[in-house]
Amino acid sequence: MPAAPSPKKKLSAKAQFCDDFDNNVIIAGKLDMASKYLTDDFKEHTVRLTANGLPEFLEKMKAMRPAMAARPAGAGGGRPPGAPRERTVLSEGELVVFMSANPERDDPANSAKQLPASTHFDVYKLRGQDLGTLGLSAQVLLEDSGG
């Protein structure tokens, strides 16, 4: 008999804020919601999306939409469609870190190729002490392809 799925861990308010940003703005593409999460001087340090400030972030996200829409189902993060995210969450002070292991998987851009197992990190720097004043002031995404 398969093991029952582990119950979903409740995130801290700050980690939930970052997770909501990721789900609503990055994954679902609801760019009209970005100003709810990002400060005006937000810094994005992702290799594919370096942006200084909210307007530049929105401009670059809009430019990435066609490529994101063209990805095969399940191409994001190496998870099958609908599979839950297995990750470790650290939340301390102004930092929130999400870490997840991506298994070896088919390359969505080249079916004859395998992508190696990797570790993915989302690092968020927050400004504000409560949800009324909270905003993301920086984000760094790192990926270790070494496995």
Side-chain angles (χ1 to χ4, degrees), residues 1-106 108 115-147:
M1 175 177 263
S6 56
K8 186 176 179 182
K9 293 179 185 174
K10 183 160 174 59
L11 298 175
S12 71
K14 290 180 178 182
Q16 187 63 60
F17 183 83
C18 296
D19 191 51
D20 290 346
F21 164 73
D22 191 47
N23 287 319
N24 290 320
V25 178
I26 303 298
I27 295 171
K30 298 176 184 175
L31 300 183
D32 58 318
M33 295 182 72
S35 63
K36 173 182 176 181
Y37 300 101
L38 305 178
T39 60
D40 288 334
D41 60 347
F42 174 76
K43 303 285 189 229
E44 174 69 62
H45 299 288
T46 306
V47 173
R48 293 178 298 140
L49 179 72
T50 301
N52 293 307
L54 179 57
E56 189 176 341
F57 172 82
L58 292 171
E59 178 183 317
K60 290 190 175 189
M61 284 296 292
K62 286 176 187 170
M64 291 175 65
R65 275 186 168 169
M68 292 174 75
R71 291 187 309 183
R79 293 185 318 272
R85 281 193 274 190
E86 298 285 332
R87 62 187 176 176
T88 300
V89 180
L90 304 174
S91 179
E92 183 69 36
E94 64 183 13
L95 295 177
V96 173
V97 181
F98 295 125
M99 298 173 284
S100 59
N102 294 327
E104 184 177 83
R105 60 209 181 271
D106 293 333
L115 295 175
S118 62
T119 306
H120 181 87
F121 304 86
D122 289 311
V123 181
Y124 296 93
K125 183 177 179 190
L126 297 156
R127 182 177 302 140
Q129 295 304 308
D130 58 56
L131 290 179
T133 61
L134 203 56
L136 295 173
S137 59
Q139 180 183 22
V140 182
L141 277 72
L142 305 169
E143 185 133 354
D144 167 25
S145 299

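FYI, side chains are in, hydrogens and waters are out, and symmetry mates aren't considered; it's all heavy atoms of this structure.
- Shortest non-hydrogen contact noted between Ala34 and Leu54 is CB-CD1, 4.0 Å.
- Contact between Ser100 and Arg87 at its shortest, heavy atoms only, is CB-CB, 3.9 Å.
- Minimum interatomic distance between Asp106 and Leu115 (heavy atoms only, all atoms of both residues): O-CD1, 4.2 Å.
- The CZ atom of Phe21 sits 6.0 Å away from the OH atom of Tyr124 when rounded to the nearest 0.5 Å.
- With contacts defined as side-chain heavy-atom distances shorter than 4.5 Å, the pair Glu92/Ser12 does not qualify.
- Residue Leu31 holds its CG atom at 8.0 Å from CD1 of Ile26, rounded to the nearest 0.5 Å.
- Note that the CG atom of Asp20 and the CE atom of Met33 stand 8.0 Å from one another [nearest 0.5 Å].
- Taken to the nearest 0.5 Å, the CZ atom of Phe98 stands 7.0 Å off from the CG atom of Asp22.
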As a quick check of understanding, evaluate side chain to side chain contact (heavy atoms under 4.5 Å, CB included) for Lys36 and Val25, giving each step before the final call. CA-CA 10 Å; Lys36 173 182 176 181; Val25 178; over 6 Å; no

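- Taking SG of Cys18 as the reference point, atom OH of Tyr37 lies at 10.0 Å (rounded to 0.5 Å).
- Residues Val96 and Ser91 share a closest heavy-atom pair of CG2-OG, 3.7 Å.
- Among residues two or more places apart in sequence or in another chain, the side-chain contact (heavy atoms from CB on, under 4.5 Å) test is passed with Glu56 by Ala51, Asn52, Lys60.
- To the nearest 0.5 Å, the span separating CD on Glu94 from NZ on Lys14 amounts to 8.0 Å.
- In this structure, Asn23 contributes its side chain and Asp19 its backbone to a donor-acceptor pair below 3.5 Å.
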